[in-house]
Amino acid sequence: MTPSAEFSNVAEELEWRGALFDATPGAAHALATEKVTCYNGFDPSASSLHVGNLVPIMGLVRLQRHGHTPIALVGGGTGMIGDPSFRAEERQLMSIEQIDENVEAIRLQLEPFLDFQAKSNPARMVNNADWLRKTNLLEFLRDIGKHFTVNTMMGRESVKGRFSRDSGISFTEFSYQLLQAYDFLTLYERHNCAFQAGGSDQWGNILGGVDLIRRIHGAGPDGRPRAHGIAYPLITSSSGEKFGKSTGGAPTLDPKQTSPYRLYQYFLNVADADAVPYVKLFTLLNQVQIGGLDAAVKTEPEKREAQRKLAEEVTRTVHGQGGLDQALRVTRAFFGGDIAGLSADEMEDVLDGSSVTEIRRDQLSGDGMKFSELAVSAGAGKSGGDVRRTVQQGGMYLNGVRVEDADRAVVAGDLIEGRLLVIRRGRKSYSLVKLAD
RNA sequence: GCAGGGGUUGGGGAGUGGUUAAACCCAGCAGACUGUAAAUCUGCCGCUCAACGGCUUCGCAGGUUCGAAUCCUGCCCCCUGCACCA
């Protein structure tokens with residue numbers, strides 16, 4: 001039995017998980033009584049999705065598990081304009097090459113989450129560049145633009161802020177909502193997709209699409225709306241911060257940018273108060289399992305069972321069992337025992353995928369190089385002074401041994417097995433320096 | 001366009017001729033404590049230097065001064081009123 005079997009429908013499940021912020025009238029009813037096709041758009045403005053995107057991604061996953069058909073849309077077309085929703089400033093236009101590159105990267109990241117082989121409800125992946133880039137302006141204005149009043153468009157909370165600013169909003173960005181509505185219409189007509197999900201910041205855009213479909217196709221045969229939408233809440237931590245806003249930016253789903261280890265650590269370190277809500281949002285664990293974790297957090301919070309489970313589940317979902325194993329190995333190595341006891345092979349294996357700095361052998365010959373210089377080039381400090389200060393405070397380690405003098409020479413003899421150096425800053429930040437081949 | 005206000009170190013925000021690398025708060029970093037937590041406490045938090053010190057910073061460019069973030073001139077940008085939007 002699947003974990004979702006305990007809920008009679010996906011709307012109920014999303015509600016329980018705290019993942020339902022808003023829904024059009026009739027949306028829940030439709031989800032409960034029909035098998036729908038639902039799409040969610042992903043913006044290609046960055047080269048990778050980040051943890052915040054897990055909410056909509058898991059939304060699609062849950063929909064599919066309840067028998068609905070998910071469509072993941074990557075915005076190769078809309079990305080050329082840029083969504084102005086809740087943004088203070090006009091966006092910088094991106095080059096088409098950059099957009100296409102990002103689209104491809106995001107497409108690859110999304111694929112593992114969905115089942116494209118399912119018999120009755122296989123997932124689909126679409127790119128709105130396929131239709132938007134060849135849209136004819138005059139036809140678009142006659143067929144689509146005519147259904148929108150500027151009055152309504154200006155009333156959207158998501159763009160209101162821009163009118164009062166001096167910098168204003170360009171016509172280009174202002175028309176964004178038409179494009180997203182047109183996407184919805186296109187998917188409705190091509191794939192019978194009558195549902196759209198998205199973050200609460202997308203609510204206005206979603207309603208625009210629902211509205212457009214009604215204007216063009218009228219109400220459904222039973223008098224109910226044909227198209228629906230649901231919105232996910234903006235996730236915040238118990239301390240009120242935007243989810244993902246951690247040190248060094250939001251963790252991404254790209255292992256090259258955020259190693260599985262770092263992703264694991266990010267979730268392992270969430271506050272007690274956030275652990276269970278996050279487990280609900282980001283994992284497929286069922287009510288019984290989550291209930292157990294909830295109890296565990298209350299009775300023995302020091303064990304951090306919920307955090308462990310959360311980190312484990314998310315890391316496995318994003319990076320697979322292999323990624324999780326690696327994250328656990330690194331974690332055990334760093335927080336379990338003595339780092340100095342690890343072999344170079346183990347170190348390398350364990351840090352594979354995280355950022356590694358290379359140095360040439362001649363840089364370590366003779367008097368070698370100053371530790372402070374090495375640490376800066378390895379990214380363990382912002383400047384020589386920064387490293388020096390940290391050393392003075394007792395926060396720097398080379399190969400597991402506390403560094404007493406920032407200017408100590410690092411020579412070839414310091415290399416673990418002649419090829420690796422491990423710099424640790426503070427309790428949990430590690431950098432690896434490798435001898436270039 | 002006119003009038004008024006303003007652009008200071010990551011953010012907020014003091015500072016109106018020297019004692020200011022620049023108060024204070026937040027964020028960040030390190031240490032202690034701990035559960036790889038929260039809270040708390042301590043130190044740090046432009047670059048450089050073992051240190052003394054040196055150097056570069058207060059929108060941009062000049063200038064006045066022994067000496068300027070602080071005064072003057074020009075320029076750029078932002079905010080607030082008013083006007084304009086035939």
Side-chain angles (χ1 to χ4, degrees), chain A residues 88-90 161-169 171 236-251 259-279 293-312 314-315 324 327-339 350-351 354 367 369-398 400-409 422-431:
Chain A
E89 299 292 333
E90 184 82 10
R162 293 284 285 278
F163 299 128
S164 52
R165 294 186 146 260
D166 250 26
S167 44
I169 180 171
F171 179 73
T236 53
S237 70
S238 52
S239 51
E241 291 163 315
K242 214 167 163 184
F243 172 70
K245 271 254 171 172
S246 74
T247 319
S259 69
Y261 161 72
R262 279 215 300 272
L263 185 72
Y264 179 87
Q265 286 289 327
Y266 176 79
F267 283 100
L268 183 65
N269 282 303
V270 304
D272 292 356
D274 294 322
V276 168
Y278 286 3
V279 168
L293 293 175
D294 190 35
V297 169
K298 291 193 173 95
T299 57
E300 33 188 21
E302 70 281 3
K303 286 196 172 171
R304 288 180 302 150
E305 243 184 84
Q307 282 95 330
R308 270 176 222 288
K309 197 72 185 160
L310 170 68
E312 204 175 286
V314 173
T315 308
L324 172 60
L328 289 172
R329 274 203 306 279
V330 183
T331 294
R332 274 195 292 270
F334 288 168
F335 296 97
D338 181 11
I339 185 86
V350 120
L351 283 167
S354 12
D367 292 339
M369 71 195 289
K370 279 187 187 177
F371 174 78
S372 53
E373 284 173 39
L374 180 75
V376 171
S377 61
K382 287 181 292 200
S383 65
D386 178 41
V387 172
R388 195 164 288 111
R389 271 180 238 116
T390 310
V391 166
Q392 277 162 9
Q393 295 173 129
M396 280 286 190
Y397 300 76
L398 177 65
V401 180
R402 181 173 279 183
V403 175
E404 303 293 345
D405 174 13
D407 289 331
R408 63 154 287 186
V422 182
I423 298 171
R424 171 182 145 204
R425 180 191 174 116
R427 189 76 183 91
K428 41 187 159 182
S429 156
Y430 289 85
S431 325

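Because the structure is a prediction, the values reported are computed rather than measured. Note: hydrogens, waters and symmetry copies are ignored here, and every other heavy atom, side chains too, is used. A, B, ... follow the sequence lines: proteins, then strands. Residue 1 opens every chain.
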- Query: CG/D405(A) to NZ/K370(A) distance, rounded to the nearest 0.5 angstrom?
  - Reply: 9.5 Å

- Item | Heavy atoms of other groups near E305(A) CD, more than 12 under 6.0 Å | no

- Message: Looking at Q265(A) and U36(B), is any side-chain donor or acceptor paired with a base atom of the opposite kind under 3.5 Å?
- Response: yes

- Task: First locate atom CZ of R389(A), then atom CE of M396(A), and finally report the distance between them rounded to the nearest 0.5 Å.
- Result: 11.0 Å

- With heavy atoms under 4.0 Å as the rule, sort D407(A) into base, sugar-phosphate or nothing. sugar-phosphate

- Message: At less than 4.0 Å, is any side-chain N or O atom of S383(A) found next to OP1 or OP2 of C47(B)? Yes or no.
- Response: yes

- Query: Whole-Å distance between A37(B) C1' and R427(A) CZ?
  - Reply: 13 Å

- Can you tell me the pairing partner of G1(B) across any strand shown, Watson-Crick or G-U wobble, with both distances under 3.5 angstrom? C82(B)

- Message: C45(B), OP1 or OP2 - any side-chain N/O from R388(A) closer than 4.0 Å?
- Response: no

- Task: Between C60(B) and U65(B), how far apart are the P atoms? Round to whole Å, please.
- Result: 23 Å

- Rounding to a whole Å, what distance do you find between Q393(A):CD and C41(B):P? 17 Å

- Message: I need the CD-C1' distance between Q307(A) and A38(B), as an integer number of Å.
- Response: 11 Å

- P atom, C49(B) versus G62(B): distance in rounded Å? 29 Å

- Could you tell me whether R304(A) contacts a base, only the sugar-phosphate backbone, or nothing, with contacts defined as non-hydrogen atoms closer than 4.0 Å? base

- Where do F371(A) and V391(A) land on the side chain to side chain contact (heavy atoms under 4.5 Å, CB included) test, with the steps shown first? CA-CA 10 Å; F371(A) 174 78; V391(A) 166; 4.1 Å; yes

